[in-house]
Amino acid sequence: MTKLSYPKALNKALRDEMERDPAVCVFGEDIGAGIAQVTLGLLNKFGSDRVVDTPLSEQAFTSMAIGAALCGMRPVIEFQIPSLLFLTFEQIANQAHKMSLMTGGQVCVPVTYVVPGSGSRAGWAGQHSDHPYSLFTHVGVKTAVPATPTDAYGLLVSAIRDADPVVLFAPAGAMAVRDDVDSRALEPVPLGRARIHRAGTDVTVVAVGHLVHEALAVADELDGEISVEVFDPRTVYPFDWDGLAASIAKTGRLVTIDDSNRSCGIGAEIIATVTEEMTLVAPPKRVTRPDGAVLPFALELDRAVQPSREQLVTAIKTVMK
Amino acid sequence: MTKLSYPKALNKALRDEMERDPAVCVFGEDIGAGIAQVTLGLLNKFGSDRVVDTPLSEQAFTSMAIGAALCGMRPVIEFQIPSLLFLTFEQIANQAHKMSLMTGGQVCVPVTYVVPGSGSRAGWAGQHSDHPYSLFTHVGVKTAVPATPTDAYGLLVSAIRDADPVVLFAPAGAMAVRDDVDSRALEPVPLGRARIHRAGTDVTVVAVGHLVHEALAVADELDGEISVEVFDPRTVYPFDWDGLAASIAKTGRLVTIDDSNRSCGIGAEIIATVTEEMTLVAPPKRVTRPDGAVLPFALELDRAVQPSREQLVTAIKTVMK
Amino acid sequence: MALSAAGLYRRMRLIRDFEELALRLVKSGDIVGGTHPYIGEEAVAVGVCAALAEQDLITSTHRGHGHVLAKGSDPARMLAELTGRETGLNRGRGGSMHAADIGQGILGANAIVGAAAPIAVGAAWAGQRHGTGQVVATFFGDGGLNQGVLLEALNLAALWQLPVLFVCENNGYATTMPVRTGIAGSATGRAEAFGIPAVTVDGMDVEVVRDATAEAASRARRGDGPGLIECLTYRFGPHHTMEYGIRLNYRTQEEIEHWRQRDPLTIQGGRITPAERAQADAEIEELLAEAERFALTSPRPDPAGALDYLYASGMAARAGVA
Amino acid sequence: MALSAAGLYRRMRLIRDFEELALRLVKSGDIVGGTHPYIGEEAVAVGVCAALAEQDLITSTHRGHGHVLAKGSDPARMLAELTGRETGLNRGRGGSMHAADIGQGILGANAIVGAAAPIAVGAAWAGQRHGTGQVVATFFGDGGLNQGVLLEALNLAALWQLPVLFVCENNGYATTMPVRTGIAGSATGRAEAFGIPAVTVDGMDVEVVRDATAEAASRARRGDGPGLIECLTYRFGPHHTMEYGIRLNYRTQEEIEHWRQRDPLTIQGGRITPAERAQADAEIEELLAEAERFALTSPRPDPAGALDYLYASGMAARAGVA
Ligand SMILES: Cc1ncc(C[n+]2csc(CCOP(=O)(O)OP(=O)(O)O)c2C)c(N)n1
Ligand SMILES: Cc1ncc(C[n+]2csc(CCOP(=O)(O)OP(=O)(O)O)c2C)c(N)n1
Ligand SMILES: [Mg+2]
Ligand SMILES: [Mg+2]
C-alpha cells in the first residue's frame, strides 16, 4: 500500500487506458517530456504516434482531436493552463459538443481535455489562474473536478471511456493531496455520481475540487458543535441531483463553496435547483470568487480573492442561526 | 413621431456616438455594406478609417480593438453571429477584461461588442443559434440584452461611453419590435438599471431580451387572475439587484424566463441571489433552454428547445399555488 | 470515383439543378433559413471528388451542397435534410450548413468558416496512423484563408506530412469583401510558406480541377504530404438567399456576366455529344422530381425528440423547466 | 533611443544582472511563482529598443523582463512588481508575465503566447490614424509563430501597411519543442507570404539587431508597412525557474556551451574599453543594489484592495460571499 499522488493517479489512469484501448492517444505541449507529470513515461512506452507533442497551436490540435475521434480514436488533450480553454472554447463548445446532435447521431466525439493545475497557482497571476468549469457546465460539456487522487484516477478513466467530450480540471490546490490506496483497488468513477466525504445531519456543504479539503477541515473544526455533511459532486456536469436531494432531505440546510466566479457559477446552479425542487429550513449560502474576478499577482491579493475557510465557517453558522 | 425599429435604433446610437466622439470607430465584416443594417450609411458618412471592413479574422481584429483602445480609440465591433463570441472568448475574457486590473489601473479597454440577431434565427441551426450572455456574466464582462429599440439605443450609447468592455446582444427575437418614440427623446440608459415594463403585485417575472415581450403577453393573458410584474434587467451584468429587491418586496414571488441554457445561466443566478438575500413566500421557478442545448435545424425542433409562453404560464401558476 | 466526360457533366448538372430547386423551396418556405447557393462553382466540387476514391474523406463548408452531392450523397436525403425531415441525412437536425454523411465519407459541412480544416487534419492523421491510405479533402473559401486555425492546420499537416488536400474555392469574395482587400499575398503563397506544394487552377473547368486534384492526391497517398489547390471560380448567385432581400452593390453586372460566359456546365457540356447532354439533363430532371417528392412527403421530426442525439452516451439533459 | 557601444553593453548588463538578481529572489521566495529568465537573449531586446524612439511602443511576452528594461522602465519599480509591492509598475497586480509601463510605451507583457501581436497591430492602426509616426514593436518567440492569431495579425498589418515590427526571438525551443519539429517552413517565409519584408539576423550581436531594426523602423515610419526581424538567439537558462525542480533533457550540454561562447555581453563587451566595461558593471551593480533595497522595503498591497482596478469605470464587484 503506497501513497498515491494526484499527478501519479492521472498518469496511471492514462497509462491503463492506453494499454487497454489502442484508440486512446494524447495530444499536448511538452507531453513527451512530461512537464506536468501527467504524461511521464508515456512517450517511451507508447511511442510518438500515440503520444503526440504538438506545436503551440491549441485551436488546431483541439479540432484535430475531433477529426481523429470521427475516425475511431479516443484522444486525450493536455492543456498547460486553464485559460487555454478560453482559446479553444469554439473548438470544444461549438464543434466537439455539437456534432452528435447536428449530425443526427451519425458521429460521436469522445475527446477528453485535461487541465493539470487549474485555478490559482501562486504567482502565475491574471491570465493563468482561472477556474472556468462553470462555463462548461453552462454549455453542457461534461465536466469533472476531482478532489482526490483516487477520484482523479476514476474520473479520468470514465472520461476517456465516455462517448462525449469531457473536461477534467485537476485543481492546483489538490495536486499535493495523497491517498492511501492499493493501486490495484483503483476503479472507474461514474460521471454524475457524488461522493459524501463525511456524513452529517445539520447542514450539507457542497464543496468542489480542492475546496473539499477545506470543507473537511471546517467540518472537523465544528465537530460537536455543528454536524456537517461534506458533499463532493465530483462532476459539476452532469450533477448528482438525486444524491444532493437525499443529503438535503437529511439536513435541510445548504452551503456551497467553490472556486468559480460568483455570477452564474456552479454555486448559483446548486442553490437554484435546490430551491426550486427541494426543501430547506433556512436560506442557503454560497462561498465563491467575487463577480468577474481577475486574480492579482501579489500573494496576499491572490489569496484574498479565493474562497476561504473563514468564509465557509461564517456561512455555515449563518445558515444554522 | 415615427416608429423606431430595433436595427435603426442601433444604427442611430452608433451614428450619434461617432458624431459626438471622434474616438469611436467600428470594426467588423461587411459593415461597409451594412448587411446587418446596424452600420448602414456609416461608411459613407465617416469614411474607411473609422468604419473598417475587416477580413475574416475575428480573433485578430478583436485584439486589434484592444490595441486601438489602449491608444485612445473607442472601438465597436460587430459580430455577424453569436458563436463568434466563442471564437473570440480568449480575446474578450482573458485579454480585454483583465487588462485594467493586471496593469494596476494603467489602462482601460473601452470596447463594445455588438451581436445583431443573437439566439435562434429560424433555420440557422446548431452553430448559429447560441445565446451566450450568461458566459459573459460569469466572467464578469458587462453584458446588455435590450428588449426594445429604445433600450437598444440607450444601452448601446452607454456601452460605447463606458470605460470597460461591454457585450451587447440584440436578440433575433426582438429585431422586429418597433417603438413609438420621438427620436429626439432617445437618451442613454445606464448599465445596471432595470426597467419595469408592467407593474404587478402577485409575482415578479424577470424576463430577458426578446422574452420580455412574451412575458408581457402572458401578463395580459393572466390579467384579472394574477397580477404580474414584468421586470427587465436590461443588463444581465451588472444586474440591478436593488431594483429586483424592491419588486420582490412587493410580490414575494419569482419566476424567471430567459433564453440561455439552464445550468449556470442567468436564471440560476437570479434565483440564487434572491434566495440568499431576499424573502419569498413561495419557491421560485425558472424557464430556460434545456441543459447543454444545441438547437436542431428543423423548425419544430428548434422551437421545442426554446422557452415558451406556455411554460411561463405554467411556472407562474405553480408559484401562485 | 472515376467519371467519364459525360459523367462529370452529369454530376455538375445534378448540383446546378439541385441548387435551383433549393432556391424554389426557399421561396416557397419549404426550406427555412435560406441557403448559400453553389451555382457557378460546380466544377470545383465535382472535379475534386472525381479524383478521390470511395473511401476518401471530405469536409465541407457553409456553401456545401455541391460538395455533399459530388461526394455521392443521395440527393433525395440531402433535400429531405434541407426541408427538415426525419429522412434527411442528419435526420433534419443539421440543415444546409451541417449536412454530414459518414457513409459517403462526408465528415460534415461546418457553419464556422475555416473550422473544418483542422478536423480534416485530424482525420488524415488517424488514417495515416491506421495505414488506410485515405486522403482527406477539405474545402474552404478565400475568406477561410484568413482564419488563424486554418493556417495552424496547414502547419500541422505539413509538419507531419499528412494526406490532406486543402481545396481553396476562391470565388473572389468573402460575402461582400473582395479577395484583394482581404488577403495579403496569395493562397498558394501561404501554403508554400509551410512547405506545402500549391497550384492555382481554372475552377470553371472540371477536368482541370480533377487532374490537379489527382496529382496532389497521388502525392499524398505516396506519403509525400499535403497539397493545396486554389480553384479560381465564381458564384453566379447571392452569398446567401437573404441577399435577395437586401441591395448589396459589391459586384458589377459586367463582372457577373463575364464569369457567366465561363459557366462550367457550358465548358464541360461542349466536350460531350448533344445526345449525352440531353440524356443527362433528362435523367437529372427525373431524379430531382423524385427527390422533391421524397423530401416533401417525408415525415417531420417529432418535437418530443428535439434533444435526441445531444449526448452520444445517451445521457438525457434536464428540461428547460422543472 | 540612440546608444553608444558602451551604452548598449550597459543596457545588456543591466538585464543580465537584473535577471540573476531575480533568480536569487525566486530562490529566496521574495519572488513568488518564478520567472522565465531572459539570460542569453539580451541583445534582442536591447538592439530592438535602441532603434526605437521614445514615443514608439512595444508589446512583450511571458519572457518579458528584458523588453521592459530595454525600453526604459525603472528597474527598481520592475523589481518591486516582481516582488508584489504596491510600488511596482503594476502596483503588484501584474507580476512577471504582465508587466506594463504605459509611460514608457510598454503596452504590456502577455502571458498568452502570440496574443500581443494583434494588440500591437491595433496600436499601430491607431497611431497611423492619428499620424503620430509611432512604430510598434511586438516581441514573440518561435513558438508564437504557430498561434493562428499571430498569423492573422501579419495579414492585417500587411493589408493596411501598418507600422509594426514583428520581432521573432527564435531561441530554438518552445519550452521543450525544438523549432524544426514545431515549425514547417520558416519565420521569414511566413512573413513574406503576407508580403512582409523579413530578415534573419544574429540575435547575439546587439549592433546587428539594432541596425536591422532601424532599417525596418524607418521603412515603417515612411509608411511602407510592417517588417519582421527574426533574431537567432538562445536562452542560457531554463524555460522557467520551475525547470530547476524537474529534469528535462531536451538540450545537450554541448549545445548550451556552444551558445555560451557567443554570449552577447562578451561580443559587445569586446567592442568597448575595459575601463568602460568596468564602469558599466560597477554602475549596474550599484543601481541594482538600490533597486533591491527599494523593492524589498516597499509596502505590500492591502488585501482589502484585491479587486481595485477590476473595472476602469470604478464599478464594484460583488464579494464572493453575501
Ligand atoms: C468564423 C466565421 N466568421 C464569420 C462567419 C459569417 N460568414 C459566413 S460565410 C462568410 C464568408 C465566407 O467567405 P469565403 O470563405 O470566401 O466563402 P464563400 O462564402 O465565398 O464561399 C462569413 C463572413 C462565419 N460563418 N464564420
Ligand atoms: C497560447 C499559449 N499556449 C501555451 C502556453 C504555455 N507556454 C508558456 S511559454 C511557452 C513556450 C513559448 O515558446 P516561445 O514562443 O518560443 O517563447 P520562449 O519561451 O522560447 O521565449 C508555452 C507553451 C501559453 N502561455 N500560451
Ligand atoms: Mg469566397
Ligand atoms: Mg522559443
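Numbers restart at 1 for each chain; the letters A, B, ... are given by sequence-line order, proteins then strands. This is a predicted model, so every value here is computed, not measured.
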Inset, instruction - For each of A:Q37, A:E58, A:R121, tally heavy-atom pairs with chain D at distances under 4.5 Å, and name the one with the top tally. - result: A:E58
Inset, instruction - Under 4.5 Å, counting heavy-atom pairs only, tell me which of D:H239, D:E81, D:Q147 racks up the most with chain A. - result: D:Q147
Legend entry - Residue selection (most heavy-atom pairs with chain A, distance under 4.5 Å) from D:T175, D:T83, D:L307, D:V149: D:T175
Legend entry - Residue selection (most heavy-atom pairs with chain D, distance under 4.5 Å) from A:A122, A:G126, A:P307, A:P55: A:P55
Inset, instruction - Sort A:R289 into side chain, backbone, both or neither according to what part of it lies under 4.5 angstrom from a heavy atom of chain D. - result: backbone
Legend entry - For chain A, the option from D:N90, D:N110, D:T181, D:L145 that forms the most heavy-atom pairs under 4.5 Å: D:N110
Inset, instruction - Heavy-atom pairs under 4.5 Å with chain A are the metric here; pick the option from D:A316, D:P301, D:A115 that has the most. - result: D:P301
Legend entry - Pairwise distance CG(D:L154) to CZ(D:F166) - rounded to 0.5 angstrom: 4.5 Å
Legend entry - Carboxylate-amine/guanidinium proximity below 4.0 Å for D:E86 and D:R300: no
Inset, instruction - Flag the one option from D:I246, D:L310, D:I31 with the top tally of heavy-atom pairs under 4.5 Å to chain A. - result: D:L310
Legend entry - Salt-bridge contact D:E41-D:R235 (side-chain N to carboxylate O under 4.0 Å): no
Legend entry - Check: A:S118/A:H131 side-chain N/O donor and acceptor closer than 3.5 Å: yes
Inset, instruction - Select one option (side chain, backbone, both, neither) describing which atoms of D:L248 are under 4.5 Å from chain A's heavy atoms. - result: side chain
Legend entry - Heavy-atom pair count under 4.5 Å with chain D, highest-scoring of A:G265, A:S83, A:S263: A:S263
Inset, instruction - Measure D:H62 against the heavy atoms of chain A and call it side chain, backbone, both or neither at under 4.5 Å. - result: neither
Legend entry - Contacting region of A:T54 [heavy-atom separation from chain D under 4.5 Å]: backbone
Legend entry - A:N11 vs A:L42 side-chain heavy atoms within contact, under 4.5 Å: yes
Legend entry - Student check: side-chain heavy atoms of D:R190 and D:L151 closer than 4.5 Å: yes
Legend entry - D:D302, part contacting chain A, at a heavy-atom distance under 4.5 Å: backbone
Legend entry - Engaged part of A:I257 at the chain D interface, taking heavy atoms whose separation is under 4.5 Å: neither
Inset, instruction - Flag the one option from D:G88, D:G114, D:G94, D:G34 with the top tally of heavy-atom pairs under 4.5 Å to chain A. - result: D:G94
Inset, instruction - Would you mind checking which part of D:A319 comes under 4.5 Å of any heavy atom in chain A, side chain (CB onward), backbone (N, CA, C, O), both or neither? - result: backbone
Inset, instruction - Using non-hydrogen atoms and a 4.5 Å limit, figure out which bit of A:L84 sits close to chain D: side chain, backbone, both or neither. - result: neither
Legend entry - Short side-chain donor-acceptor distance under 3.5 Å, D:Y309 and D:R91: yes
Legend entry - Under-4.0 Å salt bridge between D:R93 and D:D308: yes
Legend entry - A:S260 side chain to A:S134 side chain, donor-acceptor N/O pair below 3.5 angstrom: yes
Inset, instruction - Using a 4.5 Å cut-off on heavy atoms from C-beta on, say whether the side chain of A:W124 contacts that of A:S120. - result: no
Inset, instruction - Report the option among A:Q59, A:R303, A:R286, A:Q306 that has the most heavy-atom pairs separated by less than 4.5 Å from atoms of chain D. - result: A:R286
Inset, instruction - For D:Y234 and D:E169, test the side chains for any donor-to-acceptor distance below 3.5 angstrom and give the result as yes or no. - result: no
Inset, instruction - Under 4.5 Å heavy-atom distance to chain A, tell me which part of D:M97 shows up: side chain, backbone, both or neither. - result: side chain
Inset, instruction - First locate atom OG1 of A:T39, then atom CZ of A:F46, and finally report the distance between them rounded to the nearest 0.5 Å. - result: 11.5 Å
